Amino acid sequence: MAKQLLLIDGNSIVFRAFFAMHNQIDKFTNKDGLHTAAIYGFKLMLDHVLDQFHPDAALVAFDAGKVTFRTKMYDDYKGGRNKTPDELTEQFPYVRELVEACGLHSYELKNYEADDIIGTLAKEGDEAGYETLIVTGDRDLTQLASDHTTVAVTHKGVTDTEHYTPAHVEEKLGITPRQIIDMKALMGDSSDNYPGVTKIGEKTAIKLVKQFGSVENLYDHIDELKKSKMKEHLVEDEAIARECKTLATILQDAPLEIGLDDITYRGEQTEELVAFYQQMGFKSFLAKMDLAPEEKADKSAPVEYTELTADNLAAVDQLEGELNFYLEMPDANYHTSPFAGFVIGDGKTWLVSRDAELLKQDPLKKLLESPAVAKNVFNAKAQIVGLHRLGIDLRNVDFDLLLASYLLNTNDNSNDLGQVALEHDYHEVATDEEVYGKGAKRAIPADDQVFYTHLAQKARAIDDLRAPLFKKLDDNQQTPLYTDIEVPLTRVLAAMEITGIKVNAQTLKDMGSKLTERLADIESQIYAAAGEEFNINSTKQLGHILFEKLKLPVIKKTKTGYSTAVDVLEKLADQAPIVEDILQYRQIAKLQSTYITGLLKVIHSSDQKIHTRYLQTLTQTGRLSSVDPNLQNIPVRLPEGRLIRKAFVPSHAGWQIFSSDYSQVELRVLAHITGDKNLQEDFKNGEDIHASTARRIFHLPADAEIDRNMRRRAKAVNFGIVYGISDYGLAQRIHVSRAQAHEFIQNYFKEFPGVKKYIDDTIAFAREHGYVETITHRRRYLPDIHAKSFSRRSFAERTAMNTPIQGSAADIIKIAMIRMKEEIKQRQLQARMLLQIHDELVFEAPAEEIPVLQKLVPQVMDSAVQLNVPLKVESKVGDTWYDLK
DNA sequence: AGCTTCACG
DNA sequence: ACGTACGTGAAGCTC
């Protein structure tokens, strides 16, 4: 195998790393106050590269200073750049130290740029038969791509790279890598501050390069160009173009004092690296080094603990005030996870054990169940469910670190206590990954000292973070959201999860056998039409069959090949019968794998029920999500898929399934939040909202019949408004021209001016405050609202207007759930709440209670909050989830 | 682990 | 010229 050469553009990577982490610059400082974000990012990049590429020789090239041969020939070269921030400049010496400790060489050369060092060595490598990888943050280096040299340019962040080979350059620009120089000579480079030819941009430059091959040849044949403004500019700026070409050309013969033999890659220098990490305070990298425990520097403050046994349980009685408690369940699924141990303590004393069975005994059980003793925990729902499995009913949760942290910032959230603590600048507790490892290596440490320290530190972190997080919630006016909604909801959700929903496995198995037969039929038809057997589930193989073998037109491409998504296949359906079969196959295969096999796998054998987990601290809007399995996406739209719901049955004979859902809750919230008079009026009049929208935006008389197509279009517009509309998106969805979609939207805004004003105001609010909020002050931060990138900024703007709507709807149903639970208890009903599906609540109840629910549930749901439009609730009942009517 | 596809609101 | 509707989770393939 060919030898491998790694060349890294040190300066550009350090710049990229610094600016990628710029928004958290103050979180990355070591104990001496040195900023370390760029150093950290550089190491991330290095690890990422060395993961896939194993060099024999490696060099990191740096710029030697501002003055180079280029500045001598062109004064303004790289002029106009902002001064490098001090927080970055101070990091460069340490990056070099890091590079050496990682076993790479570093080099700089007076009067030359890092690019020229790289160009020269890449050429040397090419000639010596090396495979070369260049890593850079600077697109200019792509001119060095060749058959044996690949240029990896960082995309966003530092680990996400785009690999440029000559083929990739050809595909993107339609020219060879060397012709990039000619292109840049013509178009100039605003960041390096050289002009190129007047009025020539990338498009024109590429066209000219394709036509003439090079700048020199272009001027040799300049007479062949027709008379035009562009030609005049070219003639006028000939000298500039030629000079710019020199500026744009990376040297491949710089007078280096080193060669490939001097830059052998040595691999990590463990001792140096450990010392370096310690100096920088890089705990996570230290943890990954897999060192013997004594080599790991433990920077966390020490914590004292006592091991609890059956003989000293009385120690628990000495605890005072609020208790911090943590039951360790190493698997994410707390319905089934083993118990690894627990810790309980009051801030002064920490009691630990590996034996969760101890919790069943008093005084531990009594304390946990006591409504008089407040508890502080991390992820109360997991604790409630886990303790319930031990026969313990955890009462009086005061502080839930996970929940509070989520409400404060939905963005950087994690299920790892250590990670969450870090988000709040608390460093006295390790992350689970650091202590337990990750992937296959993950395990609870056998060493008591290590494990108990971690447990005690977790409980201490909960204790230490309680006051500051409560303070922050209060500052954000989020205390009622926390106390009156989210904490009570935790108990409701825990009860729903514990109750579970009964699923008839035999029903699923019978459906599965039928589907298997149908799949076999369709499969053979597809193979016959294709003329060969292949894996239909592989988009790659399928793409090959459809677009290469059968030569169907390519409608859409993905990053990795041809798109074969539904909308694409639907456009091809009339051109080849195989397409219809593939759509059919996909539909059935999905049912089979996700909903038959998938659900069968998660039915608990003990009770024939499925116990999902609702994630209360995940979504950016305040909605719940459901995992293991997801019960919020059981098929309903297509008749075949809907049959799956037949397997969901009541848990007792003589019981029924009952379901109520909010009708158009998001549009009602929109009417409320925007205060739009027309929209409110339509809802108050009890109109069919999509029909009345159609009437307004298509300017129809009040008594006009609305045909299905008009209503369908108006409905799409209504959805579009809620999601943050674009004419393009709407046009795609309802198959009209973009101009027509644009007109629909303009009409909508004219008819509903309050909505237009709301959108503008909300985006302005987000720009000013950096976040948006719902009717209960649930927050979502939108850092990208100021992004330079159009698409990132646009996305932030759409979420700015959507989040208050979707989030407020989530708030409303959460309140309804809490009330419903109370009503059921107070009325001593046997009915149980089973599922929440965003705007719908599913119950099971004895048949004789159904009339009660028919009245009660809608009453509770539509009075959950008082909006300035009515809420509407519709209910259904049946013997299975499928049979609801 | 990332991508693509498709199920739901 | 950009690159396009909001929020999710699971499965299968590919590297």
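In what follows, chains carry the letters A, B, and so on, assigned in the order in which the sequence lines appear, proteins first and then strands, with residues in each chain numbered from 1. No experiment lies behind these values; they were computed from the predicted model shown.
- Dashed line: the shortest gap from a side-chain N or O of A:R637 to OP1 or OP2 of B:dC6 is not under 4.0 Å.
- A:R798 has no side-chain polar atom (N or O) that falls below the 4.0 Å cut-off from OP1 or OP2 of C:dA5.
- If you check every strand for non-hydrogen atoms under 4.0 Å, A:T803 touches nothing.
- Regarding contacts with the backbone of B:dT5, a side-chain N or O of A:T564 is found under 4.0 angstrom from either OP1 or OP2.
- Salt-bridge formation is detected for the pair A:E486/A:R778: a Lys NZ or Arg NE/NH1/NH2 atom is positioned less than 4.0 Å from an Asp or Glu carboxylate oxygen.
- The CG-C1' distance, from A:N413 to C:dT8, rounds to 16 Å in whole Å.
- In summary, A:E874 and A:K872 engage in a salt bridge, as defined by a charged side-chain N under 4.0 Å from a carboxylate O.
- Rounded to an integer number of Å, the gap from A:K203 NZ to C:dA1 C1' is 7 Å.
- Residue A:V722 is out of contact with every strand shown, counting any heavy-atom pair closer than 4.0 Å.
- No hydrogens or angles considered: nothing links the side chains of A:R780 and A:T410 as a donor-acceptor pair under 3.5 Å.
- Nucleic acid contact for A:Q620: sugar-phosphate only, since backbone atoms but no base atoms lie under 4.0 Å from a heavy atom of the residue.
- Remark: A:K540 is not in phosphate contact with B:dT4, judged by side-chain N or O atoms under 4.0 Å from OP1 or OP2.
- At a threshold of 4.0 angstrom between heavy atoms, the contacts of A:A716 include nucleobase atoms, whether or not backbone atoms are also involved.
- Taking every side-chain heavy atom of A:T558 into account, B:dT4 is the closest of C:dC6, B:dT4, B:dC6.
- Side chain of A:S538, nearest nucleotide from C:dG7, C:dA5, C:dT14: C:dT14.
- Counting non-hydrogen atoms under 4.0 angstrom, A:R738 reaches a base of the nucleic acid.
- Applying the 3.5 Å distance criterion, the base of C:dT8 shares no donor-acceptor pair with the side chain of A:S625.
- A 3.5 Å limit on both hydrogen-bonding distances identifies no Watson-Crick or G-U partner for C:dA1.
- Of the candidate nucleotides C:dC13, B:dC6, B:dC8, B:dC8 has the atom lying nearest to any side-chain atom of A:P635.
- For the pair A:L670 CG and B:dG9 P, the computed distance is 20 Å after rounding to whole Å.
- When the nearest nucleotides of DNA chain C are assigned to A:L615 and A:F790 by heavy-atom distance, the more 5′-ward of the two goes with A:F790.
- Residue contacts for A:L618: at a heavy-atom cut-off of 4.0 Å it reaches the sugar-phosphate backbone alone, with no base atom in range.
- Side-chain N/O atoms of A:Q632 and base N/O atoms of B:dC8 include no donor-acceptor pair closer than 3.5 Å.
- Heavy atoms of A:N535 sit under 4.0 angstrom from primed sugar atoms or phosphate atoms, though from no base atom.
- Comparing B:dG9, B:dT5, C:dG9 by their closest approach to the side chain of A:T539 singles out B:dT5.
- Minimum atom distance to the side chain of A:D628 is reached by C:dA10, of the listed C:dC6, C:dT8, C:dA10.
- Nearest nucleotide to the side chain of A:R623, out of B:dC3, C:dG9, C:dG7: C:dG7.
- For the P atoms, the distance from B:dT4 to C:dG3 is 16 Å, rounded to whole Å.
- When every heavy atom of A:I657 is checked against every heavy atom of A:F648, the shortest pair comes out as CG1-O, 4.5 Å.
- Atom CZ of A:F534 and atom C1' of C:dC13 are 14 Å apart (whole Å).
- As a whole-Å value, the separation of A:R792 CZ from C:dT4 C1' is 15 Å.
- Distances shorter than 4.0 Å separate some side-chain N or O of A:T560 from OP1 or OP2 on B:dT4.
- Comparing C:dC13, B:dA7, C:dG7 by their nearest atom to the side chain of A:N633 picks out B:dA7.
- In this structure, CZ of A:F53 is placed 17 Å from C1' of C:dC15, rounded to the nearest angstrom.
- The pair A:E751-A:K756 does not meet the salt-bridge criterion, since no charged nitrogen lies less than 4.0 angstrom from a carboxylate oxygen.
- For the OP1/OP2 pair of B:dT5 and a distance below 4.0 Å, the side-chain nitrogens and oxygens of A:Q587 include no atom meeting the criterion.
- The separation of C:dT4 from B:dT5, taken at their P atoms, amounts to 14 Å, rounded to a whole angstrom.
- When heavy atoms are screened at a 4.0 angstrom cut-off, A:I634 is found touching the sugar-phosphate backbone but no base atom.
- In this entry the distance linking CG of A:L569 with P of B:dT4 reads 15 Å, nearest Å.
- Side-chain N/O atoms of A:S563 include one lying less than 4.0 angstrom from OP1 or OP2 on B:dT5.
- Checking C:dG7, C:dC13, B:dG9 against the side-chain heavy atoms of A:T619 singles out C:dG7 as nearest.
- As judged by a 4.0 angstrom heavy-atom cut-off over every strand, A:I837 is placed among residues touching the sugar-phosphate backbone only.
- Taking the six-membered ring for Trp, A:H604 and A:H611 have ring centres closer than 6.0 Å.
- A donor-acceptor contact under 3.5 Å is not formed by the side chain of A:R733 with the base of C:dT4.
- A salt bridge does not link A:K438 to A:D432: none of the charged side-chain nitrogens sits closer than 4.0 Å to a carboxylate oxygen.
- Checked against B:dC3, C:dT14, C:dG9, the side chain of A:K590 finds its nearest nucleotide in C:dG9.
- With hydrogens and angles left out, the side chain of A:K559 and the base of B:dC3 share no donor-acceptor pair within 3.5 Å.
- Checked against C:dA11, B:dC8, B:dC6, the side chain of A:V566 finds its nearest nucleotide in B:dC6.
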- Task: Run the numbers on A:E666 and A:N718 for side-chain contact (heavy atoms from CB on, under 4.5 Å), then give the verdict.
- Result: CA-CA 10 Å; A:E666 290 190 347; A:N718 276 330; over 6 Å; no
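- Seen from the ring of A:Y771, A:R779 counts as a face-on cation partner, given the 6.0 Å and 45° thresholds.
- Distance CD1 (A:I536) to C1' (B:dT5): 15 Å, rounded to an integer number of Å.
- Residue A:Q541 is classed as a sugar-phosphate contact, given heavy-atom separations below 4.0 Å to backbone atoms only.
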